[in-house]
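So the structure is just underneath, and the comments pick up after that.
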Number of protein chains: 2
Amino acid sequence: MKLDDAAAHLEALGNPTRLKIYRALIRAGGAGLAVGRLQEKLKIAPSTLSHHIKALVVVGLVTQVRDATTLICHANYEVMRELVGFLVAECCTESAETADAKINAKTNAKTAA
Amino acid sequence: MKLDDAAAHLEALGNPTRLKIYRALIRAGGAGLAVGRLQEKLKIAPSTLSHHIKALVVVGLVTQVRDATTLICHANYEVMRELVGFLVAECCTESAETADAKINAKTNAKTAA
DNA sequence: AGCGTTCTCCCATAAAGCTAGAAATATCGA
DNA sequence: TCGATATTTCTAGCTTTATGGGAGAACGCT
């Protein structure tokens, strides 16, 4: 996963309402959850909810399957795993340190090259 | 970690520039990286950079230590670990499924309670 | 105290996001 | 086809964010 993709995913989840939506879908399990059910749970306007769901769908964190007039939403575990993988690999452990680490230890001290 | 806190952290990282800043700090290792060094790497206006760093500091993902006129920035591993922990526990694995899962499997089908 | 260095804060502007009401669309059953 | 249900799209207003120029503040050196 590229940095820009990771940022896009983080941004999508970086809103309390959208994070609640995503968590609700995780908790719903493999059965997923209809948009209407989400609307009942979160108590927000349908148009607002639709907007947020779309943001999650666009980045791939959520998928939708139509069942007659209702749309069932599913969390995409794979995308989340990739995102967490990026964070752990690039942004979490100290093992992410590159050769930069040693160089910077020196360059921090001086002003200009 | 509460959902709102997690969302705030995700939002802070959900910007390519800020994610680059954070990653650079991780790569810098324990020595950290001065604001000026970041500015050279990312090539953005000092005021813009300062804004982004502040956003990361506010949520605790980054800490700063002054060394004379320069400010050294450090990534806060602990906060990141908490964030990843939240994602894994609440939003990643299917083990996050609650009793909701079984209930929803039924309620998805019908319209009103 | 004066000076250079480093960085932040104030300000303004342009762009994007959030919210939601109302209209439009998709789908199925009668 | 008509109607009911479920959801999206359009539209609009308000708020927030991103960016950066320039003034100002923190700091150490002489």
Side-chain angles (χ1 to χ4, degrees), chain A residues 3-4 7-22 24-25 28 32-59 61-74 104 107-113, chain B residues 4 7-22 24-25 32-59 61-74 104 107-113:
Chain A
L3 185 138
D4 283 350
H9 289 107
L10 292 166
E11 184 181 32
L13 292 172
N15 172 283
T17 301
R18 283 196 296 270
L19 192 53
K20 276 177 200 143
I21 291 171
Y22 190 82
L25 292 180
L33 207 53
V35 174
R37 295 295 83 65
L38 280 167
Q39 205 258 311
E40 287 167 12
K41 282 193 179 230
L42 304 180
K43 308 226 168 62
I44 56 179
S47 61
T48 303
L49 176 61
S50 187
H51 212 60
H52 284 304
I53 292 176
K54 189 177 180 182
L56 291 168
V57 169
V58 163
V59 298
L61 278 162
V62 167
T63 58
Q64 293 179 309
V65 175
R66 182 170 279 283
D67 176 21
T69 60
T70 75
L71 263 177
I72 311 289
C73 302
H74 298 268
N104 292 330
T107 48
N108 267 338
K110 56 181 179 179
T111 299
Chain B
D4 282 350
H9 289 107
L10 291 167
E11 184 180 32
L13 292 172
N15 172 284
T17 301
R18 283 196 295 271
L19 192 53
K20 277 177 200 143
I21 291 170
Y22 190 82
L25 293 180
L33 207 51
V35 175
R37 294 297 81 67
L38 280 168
Q39 205 258 311
E40 287 168 11
K41 281 191 179 234
L42 304 180
K43 307 226 169 60
I44 56 179
S47 60
T48 303
L49 176 60
S50 188
H51 269 305
H52 284 305
I53 292 175
K54 189 177 179 183
L56 291 167
V57 169
V58 164
V59 298
L61 279 162
V62 167
T63 59
Q64 292 179 309
V65 176
R66 181 170 281 283
D67 176 21
T69 59
T70 74
L71 262 178
I72 312 288
C73 302
H74 297 269
N104 292 329
T107 48
N108 266 337
K110 56 180 178 178
T111 299

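Here is the naming used below: chain letters follow the sequence lines, and residue numbers restart at 1 for every chain.
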For a quick test of reading the model: is some side-chain N or O of [X] closer than 4.0 Å to OP1 or OP2 of [N]?
X       : N      : value
A/Ser50 : D/dT8  : yes
B/Arg18 : D/dA18 : yes
A/His52 : C/dT19 : yes
B/Gln64 : C/dT8  : yes
A/Ser47 : D/dT8  : no
B/His51 : C/dC10 : no
A/Thr48 : C/dA20 : yes
A/Lys54 : D/dT7  : no
B/Asn15 : D/dT17 : no
B/Gln39 : C/dT6  : no

B/Val59 vs B/Leu13 side-chain heavy atoms within contact, under 4.5 Å: no
Which nucleotide in D/dT7, D/dA6, D/dG20 has an atom nearest any side-chain atom of A/Ala34: D/dT7
Atom pair CD1/OG1 of A/Ile53 and A/Thr48 - distance to nearest 0.5 Å: 11.0 Å
